[in-house]
Structures are given as structure tokens and as C-alpha cells.
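Before any comments, here is the structure.
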Amino acid sequence: MVLPDPTRRTVVCGLLAGLVAPVSLAACSSETPAANPPAGGSSGSGGSPLAKLADVPVGSGAIVDGPSGKVLIVRPSENEVKGLDPVCPHAGVTVSQPADGTITCPGHGSVFDAATGDMKKGPATTGLTPIPVKISGDSVVTA
């Protein structure tokens with residue numbers, strides 16, 4: 001038996017079916033992200049550890065390694081922490097640790113509020129990107 005040569009439509013439809021099938025099967029999976037936490041992560045409410053709370057001075061902060069890159073942890077008060085992406089949105093330079101209520105970018109002098117990451121002075125046109133963190137016991141962890 002001789003099969004006819006496939007048409008362009010037949011080939012394209014076959015390729016699309018081959019690409020869509022794996023995605024459809026993955027969507028039907030009964031596993032959830034909570035059942036399979038990422039490597040090094042935690043499925044509990046603790047999150048990934050970033051720093052000891054004692055290592056983040058009140059009114060200041062610390063740049064630490066997080067599961068997805070650097071995190072600037074600021075500590076506006078005794079019982080409050082906030083996480084910020086330490087990369088200046090202006091030119092991609094890592095900002096300095098907080099001092100005197102401000103965070104400064106050594107690249108071009110942008111200034112950000114040390115408690116919130118909001119922009120106080122450009123050339124940056126936006127503040128630092130928030131990263132969810134929280135206090136868990138005596139540590140700062142991802143939220």
C-alpha cells in the first residue's frame with residue numbers, strides 16, 4: 001500500500017498536536033506545587049531562610065543570598081522586615097546597604113527610602129521592587 005505525500009496542513013497539524021499534548025497532560029496532573037516544593041524550599045509556612053533577624057539591624061538592612069538571587073532585607077522597626085530587589089531599576093547596579101534612612105545606588109546616585117524602597121531621587125524613575133519576606137521565629141524567611 002502506498003501512502004500519499006503529506007500536505008502542509010497535515011504536517012502543521014501534526015506538529016501542533018505534538019506540542020499541545022504534553023502541556024495538556026501536565027495540566028491534568030494531580031500533583032500540586034505544595035506537594036512538591038522546589039529544591040531547597042519548604043512546603044511549610046516557614047519559607048526559605050534568608051538571615052537571622054539579629055543580623056539585620058533595626059533602621060538598616062542587609063543584602064543576602066535568596067533562593068532566586070540577592071535580597072535586600074530592611075528592618076524599619078523591631079518587629080517589621082521588608083524585602084527588596086537590590087538592583088537599581090535605572091541601570092542594574094546593586095545598591096548600597098541602608099544608611100541614615102536611605103538606600104543609595106553607587107552607579108548614578110539614585111536614592112531610595114530605606115523603609116519602603118520608594119524612590120526619593122533619580123535618575124531612577126521607580127522604586128526598588130518588593131520581594132515578599134517575613135519574620136519566622138528568630139529568622140527572616142521568604143513569604
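Throughout, numbering of the chain's residues begins at 1 and tracks the sequence. What you are looking at is a predicted structure, and each value in this text was computed from that prediction instead of being measured.
- The backbone N or O of Val141 lies less than 3.5 Å from no partner atom in the side chain of Ser136, so there is not a single donor-acceptor pair.
- A chain of hydrophobic side-chain contacts below 4.5 Å, direct or via other Ile, Leu, Val, Met, Phe, Trp or Tyr residues, connects Val64 to Val133.
- Screening residues 59-73 for side-chain hydrogen bond (donor to acceptor under 3.5 Å, both in side chains) gives Asp65-Lys70 as the qualifying pairs, with residues at least two apart or on separate chains.
- Judged as a side-chain hydrogen bond (donor to acceptor under 3.5 Å, both in side chains), the pairs with a partner in residues 87-103 (not counting sequence neighbours) are, in order, His90-His108.
- Among residues at least two apart or in separate chains, there is no ring pair (Phe, Tyr, Trp, His ring centres under 6.0 Å) pair with a member in residues 124-143.
- The shortest heavy-atom contact between Cys105 and Cys88 is SG-CB, 3.6 Å.
- Members clustered with Phe112: Ile63, Leu72, Val74, Leu84, Val95, Ile103, Met119, Leu128, by chain and number, using a 4.5 Å side-chain heavy-atom cutoff among hydrophobic residues.
- Residue pairs meeting the side-chain hydrogen bond (donor to acceptor under 3.5 Å, both in side chains) criterion with at least one partner in residues 119-131, sequence neighbours excluded, do not occur; the list is empty.
- Scanning for side-chain hydrogen bond (donor to acceptor under 3.5 Å, both in side chains) contacts around Asp118 gives Thr116, with sequence neighbours left out.
- For residues 120-142, the set of pairs meeting the ring pair (Phe, Tyr, Trp, His ring centres under 6.0 Å) definition, not counting sequence neighbours, is empty.
- Within the structure, the ring pair (Phe, Tyr, Trp, His ring centres under 6.0 Å) test picks out no pair touching residues 67-88 (sequence neighbours left out).
- Among residue pairs with one or both ends in residues 72-87, those qualifying as salt bridge (Lys or Arg N to Asp or Glu O under 4.0 Å) are Arg75-Glu78, Glu80-Lys82; sequence neighbours excluded.
- Grouped by direct or indirect side-chain proximity (heavy atoms under 4.5 Å, Ile/Leu/Val/Met/Phe/Trp/Tyr only), Val93 sits alone.
- Both Ile131 and Val140 belong to a single network of hydrophobic side chains, linked directly or stepwise wherever heavy atoms of I, L, V, M, F, W or Y lie under 4.5 Å apart.
- Residue Leu53 holds its CG atom at 9.0 Å from CD1 of Ile73, rounded to the nearest 0.5 Å.
- Pairs passing the ring pair (Phe, Tyr, Trp, His ring centres under 6.0 Å) check and including a residue from residues 51-78, sequence neighbours excluded, do not occur.
- Taking Ala143 as the reference, Pro132, Lys134 meet the side chain to side chain contact (heavy atoms under 4.5 Å, CB included) condition, with sequence neighbours excluded.
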